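One structure is given below, encoded as structure tokens.
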Amino acid sequence: MTSIHNRIRELARRRNAIILAHNYQPPEIQDVADFRGDSLELSRKAAATNAEVIVFCGVYFMAETAAILSPSKQVLIPEPQAGCAMVTMAPIEAIREFKAKHPGAIVVTYVNSSAAVKAESDICCTSDNATKVVAELPADAKILFVPDRNLGHHVQQVTGREMILFPGCCPIHDQLTPGMIRAARKAHPGAPLMIHPESPPATTALADAVLSTSGMLRYVRDSAAQEFIVATEVGMLHRLGTENPGKTFHPVSGKLVCPDMKCITLEKVLHSLESMTHVVSVPEPMRLAALRAVERMVQTR
Ligand code: 13P
Ligand code: SF4
């Protein structure tokens, strides 16, 4: 291990800090973390930890969700500019306008959203439990799904529930095309293809399994196959590789790189712990309003 890795670990111990890393983080960040996971697992870990400080290596909405769930802990993000293009596509004004057009509807909000949007939602979900969250809503409910139209489309397909979809997306996954899927299958015949539900419907229709990042880990663990095609952000390859040493993983495309996920570095994590920055907090009235929807998300298994 590098000396900076060791300095981070030592300082985390002294500060009583837990380092959480999303599955898309660079390999060296995943390796220095106490815990890596998908959005749902990281939210649950943030809510349950006894640590006094949470260093969140991911994008801003993830750290903000930890701050909503854990007001007594100090939540730090090593790079406050690490945003999410999908969150930017759904400003609170646009969501209020969308709600106003459909009065009386239940608002289901993907965790990839701002705290302000969560505060105006009935229930949140992640890509891992979105179908469960929607399937459990009353049968006659009118449902608005925000902000990811691709995940919303997938949920409609699985649950058979009709929903009104806000037109946001993840520009990284939205680049995927059926041609890219077919080319990967031709290059690796017989390898099961796993895809993230933020991908366009024309591509998810060609996959063997549509899964959150933690769903992909479970799928690989339970499969007898030795090779897999992975259609999501490339950071996932490190987690899959380290946990499944005998198996081979092929990215569907090297182009699926989220620049926001990649702007956390070891130097920034060290600086974060040294200076106790950058603190992520949510104004109390907004936090309380968002908490209800986020707690329902964390509780849906
Ligand atoms: P997961 O919750 O599946 O890890 O996805 C988070 C995300 O931002 C996908 O782009
Ligand atoms: Fe947002 Fe897409 Fe990056 Fe995930 S991969 S953090 S949805 S921009």
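Remember, it's a predicted structure, so these values are computed and weren't measured experimentally. Whatever order the structure lists ligands and atoms in, that order sets their numbers, starting from 1.
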Handout entry: Stepwise salt bridge (Lys or Arg N to Asp or Glu O under 4.0 Å) test for R287 and E284
Key = CA-CA 5 Å; R287 189 189 75 79; E284 192 59 7; 2.9 Å; yes
Handout entry: Closest approach of T203 to T177 (non-hydrogen atoms, all atoms of both residues)
Key = CG2-C, 3.4 Å
Exercise for the section: State, to 0.1 Å, how close L76 and M276 come at their nearest heavy-atom pair, and which atoms those are. Expected result: CD2-O, 3.6 Å
Handout entry: Note: K262-E79 ion pair, threshold 4.0 Å (strictly below)
Key = no
Problem - Electrostatic pair D128:R218 at N-O distance under 4.0 angstrom - result: yes
Problem - Backbone of E198 reached by a side-chain donor or acceptor of D148 within 3.5 Å - result: no
Taking only distance into account, with no hydrogens and no angle test, what donor-acceptor pairs under 3.5 Å do side-chain atoms of residues 293-301 form with protein atoms, sequence neighbours excluded?
{"unit_1": "R296", "atom_1": "NH1", "unit_2": "D122", "atom_2": "O", "d": "3.1"}
{"unit_1": "T300", "atom_1": "OG1", "unit_2": "R296", "atom_2": "O", "d": "2.7"}

Practice task
Sort by chain and number the protein N/O/S atoms found under 2.8 Å from atom 2 (Fe) of ligand 2.
Solution key: C170 SG
Dump all N/O pairs between ligand 1 and the protein below 3.5 Å as a table: atom names plus distance, one pair per row.
{"unit_1": "ligand 1", "atom_1": "2 (O)", "unit_2": "S39", "atom_2": "N", "d": "3.1"}
{"unit_1": "ligand 1", "atom_1": "2 (O)", "unit_2": "S39", "atom_2": "OG", "d": "2.8"}
{"unit_1": "ligand 1", "atom_1": "3 (O)", "unit_2": "S127", "atom_2": "OG", "d": "2.8"}
{"unit_1": "ligand 1", "atom_1": "3 (O)", "unit_2": "H196", "atom_2": "NE2", "d": "2.8"}
{"unit_1": "ligand 1", "atom_1": "3 (O)", "unit_2": "T213", "atom_2": "N", "d": "3.0"}
{"unit_1": "ligand 1", "atom_1": "4 (O)", "unit_2": "H22", "atom_2": "NE2", "d": "2.7"}
{"unit_1": "ligand 1", "atom_1": "4 (O)", "unit_2": "T213", "atom_2": "OG1", "d": "2.6"}
{"unit_1": "ligand 1", "atom_1": "5 (O)", "unit_2": "H196", "atom_2": "NE2", "d": "3.3"}
{"unit_1": "ligand 1", "atom_1": "8 (O)", "unit_2": "N112", "atom_2": "ND2", "d": "3.2"}
{"unit_1": "ligand 1", "atom_1": "10 (O)", "unit_2": "E198", "atom_2": "OE1", "d": "2.8"}
{"unit_1": "ligand 1", "atom_1": "10 (O)", "unit_2": "E198", "atom_2": "OE2", "d": "3.1"}

N/O donor-acceptor pairs under 3.5 Å from side chains in residues 93-105, not counting sequence neighbours:
{"unit_1": "R96", "atom_1": "NE", "unit_2": "E120", "atom_2": "OE2", "d": "2.7"}
{"unit_1": "R96", "atom_1": "NH2", "unit_2": "E120", "atom_2": "OE2", "d": "3.0"}
{"unit_1": "K99", "atom_1": "NZ", "unit_2": "E120", "atom_2": "O", "d": "2.8"}

Problem - Sub-4.5 Å side-chain heavy-atom contact between H5 and E28 - result: no
